[in-house]
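As the structure is a prediction and not an experimental result, all values here were calculated from the model. Order of appearance sets the numbers: ligands from 1, and atoms from 1 within every ligand.
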Amino acid sequence: MSQYDYDLFVIGGGSGGVRTARMAASFGARVAICEDMRLGGTCVMRGCVPKKLLVYGSHFHEDMEDAQAYGWDIDAKSAKLDWPSLIAKKDVELSRLEIVYRNLLLNAGVALIEGRGSLVDGHTVKVDGQEITAERIVIATGGWPTTPDVPGIEHVITSNEALDLKALPERMVIVGGGYIAVEFAGIFNACGVSVSEIIRAPNILRGFDEDVRDHLRQEMEKKGINILSDTVIESIEKIDSGYNVHLQGGDVLPTDLVMYATGRKPKTDGIGLENADIKLNDKAAIIVNEWFQTSNPSVYALGDVTDKVNLTPVALAEGMILAHTLFNDTPSVMDYENIPSAVFSQPPIGSVGLSEQDAAKRGEIDVYVSRFKPMKSTLSGRSDQSLMKLIVERASDKVIGLHVVGPDSAEIAQGFAVAMKAGATKAQFDTTIGIHPTAAEELVTMRQKRAEPV
Ligand code: NDP
């Protein structure tokens, strides 16, 4: 008989925590999990899922314009979005998903404890005054939006509130140039809001391939988003008709709503990490070794709280690997290479592997780039362009970077990610027969290397 109440206690019922708990229980471990908000965490309740539903919801105006251009007898101009109705429907879906998550845990035999967990020591968690012991503890508390210390910051919203707005503003300022900022700029712009995106850097999406950054920016601007680069906010002033955003240099931008999407920080405050001697890095993320073990050997951490690759599928994979390692006698470590990702901007981005800039640092490369008008836009008369780009390692002929900006790019990238994980070469891409007429066939018919810069 174990000296502990459970074999495993998981703090945090988001994607990573729930997956770890379920998998461990399926291998026979006695598992408990605690959560103080809604089950499902950021991805399901405050991130990927509601965001994607709003991306779908916002896109219909463009679809109606296209339908009209294709001969449908409708008046896209007069179509109006009932925003509160969209939000209410989204909320119904989130409630359904919360129940699904609850049932997944209960059916797997995981004890669900509703409340905030904090460490008492390396084997004890306190939830609402009750102390529970476990042989091992996993911290999967995720992250939370962070905002800089600017005068008037108390007036702004973050992505958390943006997903629950009661009404759409007429004008909106979105601060930041990362994933969340460009995704929400796309959503609100497509809903008819006049959006200004303020970025302190010269361009959006730092770290992405330069062609991708430029291309998306142009497409966002074509759709009417006003991107102000190299722009720093000095203060935000509440006025009767909304807010005045004061910019460095003296300009003032009047608006109805200000949203900050300036990054997220690991949720490591107030969970008793100091009681178990858990070490953090300079960004307040929990430091773990390749086995997800913290500086306290009985305490593990995974997902956004470790600030490695902050994506839901990564947290899911980490949870699976940890459960297999601890409770299924099949230890393995996580492979962080070739993780595909998408940005659900409008148009979206799908990416696998390295940017051209990062690839060039590793050795000699060949680059293939194609820009074209999506077929659907011929009849609809849109001026949008898609971008496809391959980066090939010259020595091995392996495709080490693949980037798509345009409709369905996330779906396209997911398929090609399998090929790249398997080490596909450019020659193998070239011998793959295209599917015609698709956009994705472009990726297997790229023959012309881009000329090297002189
Ligand atoms: P990011 O780290 O991606 O971007 C933060 C942005 O805010 C950058 O443009 C940064 O500018 C800017 N910024 C930071 N500090 C300041 C400041 N003090 N003043 C002005 N601007 C500032 O964060 P996000 O919040 O967009 O997203 C967080 C994470 O969530 C992402 O990294 C991603 O891992 C995940 N995510 C993934 C999604 C997906 O897979 N589709 C969707 C949404 C989120 P600069 O470039 O100059 O540093």
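- Atom 38 (C) of ligand 1 has its closest protein heavy atom at Tyr179 CD2, 3.2 Å.
- Electrostatic pairing of Glu114 and Arg102 counts as a salt bridge here, judged by a charged N lying under 4.0 Å from a carboxylate O.
- Counting only distance, with no hydrogens or angles, the side chain of Asn296 and the backbone of Asp277 share no donor-acceptor pair below 3.5 Å.
- With distances taken over non-hydrogen atoms, the option nearest atom 34 (O) of ligand 1 out of Val309, Ile349, Asn310 is Asn310.
- Given atom 7 (O) of ligand 1, the protein heavy atom at minimum distance is Thr262 CA, 3.2 Å.
- Which of Arg264, Arg206, Glu183 comes nearest to atom 29 (C) of ligand 1 through a heavy atom is settled by distance: it is Arg264.
- The option with the heavy atom closest to atom 15 (N) of ligand 1, from among Lys52, Lys51, Arg200, Glu197, is Arg200.
- Taking every non-hydrogen atom of Gly178 and a distance limit under 4.0 Å, the qualifying atoms of ligand 1 come out as 3 (O), 4 (O), 6 (C), 8 (C), 9 (O), 26 (O).
- For the pair Asp211 and Arg371, the salt-bridge criterion is met [side-chain N within less than 4.0 Å of a carboxylate O].
- A salt bridge links Arg382 with Glu65; the closest basic N to acidic carboxylate O contact falls under 4.0 Å.
- Using a non-hydrogen distance threshold of 4.0 Å, Gly263 registers as a contact of ligand 1.
- Comment: Lys421 engages Asp335 in a salt bridge, judged by a side-chain N to carboxylate O separation of less than 4.0 angstrom.
- Residue contacts with ligand 1: Pro148 is placed with no nitrogen or oxygen under 3.5 Å of a nitrogen or oxygen of the ligand (distance criterion only).
- Under the 4.0 Å criterion applied to side-chain N and carboxylate O atoms, Lys90 and Glu93 are not assigned as salt-bridge partners.
- At least one N or O atom of Ile180 sits closer than 3.5 Å to an N or O atom of ligand 1.
- Between Lys308 and Glu318 there is no salt bridge, since none of the side-chain N atoms of the basic residue sits less than 4.0 Å from a carboxylate O of the acidic one.
- For ligand 1, the polar-atom distance check finds an N/O of Gly177 within less than 3.5 Å of one of the ligand's N/O atoms.
- Distances shorter than 4.0 angstrom occur between a heavy atom of Leu311 and an atom of ligand 1.
- In terms of polar-atom proximity, defined here as any N/O pair under 3.5 Å, Ala342 does make such a contact with ligand 1.
- With atom 6 (C) of ligand 1 as the reference point, the heavy atom nearest to it among Cys43, Ala410, Ala261, Pro340 is part of Ala261.
- Between Glu356 and Lys389 there is a salt bridge, with a side-chain nitrogen of the basic residue lying less than 4.0 Å from a carboxylate oxygen of the acidic one.
- If you number the atoms of ligand 1 from 1 as listed, the ones under 4.0 Å from a heavy atom of Ala201 come out as 47 (O).
- A salt bridge between Glu221 and Arg217 is present, with a side-chain N of the basic residue lying under 4.0 Å from a carboxylate O of the acidic one.
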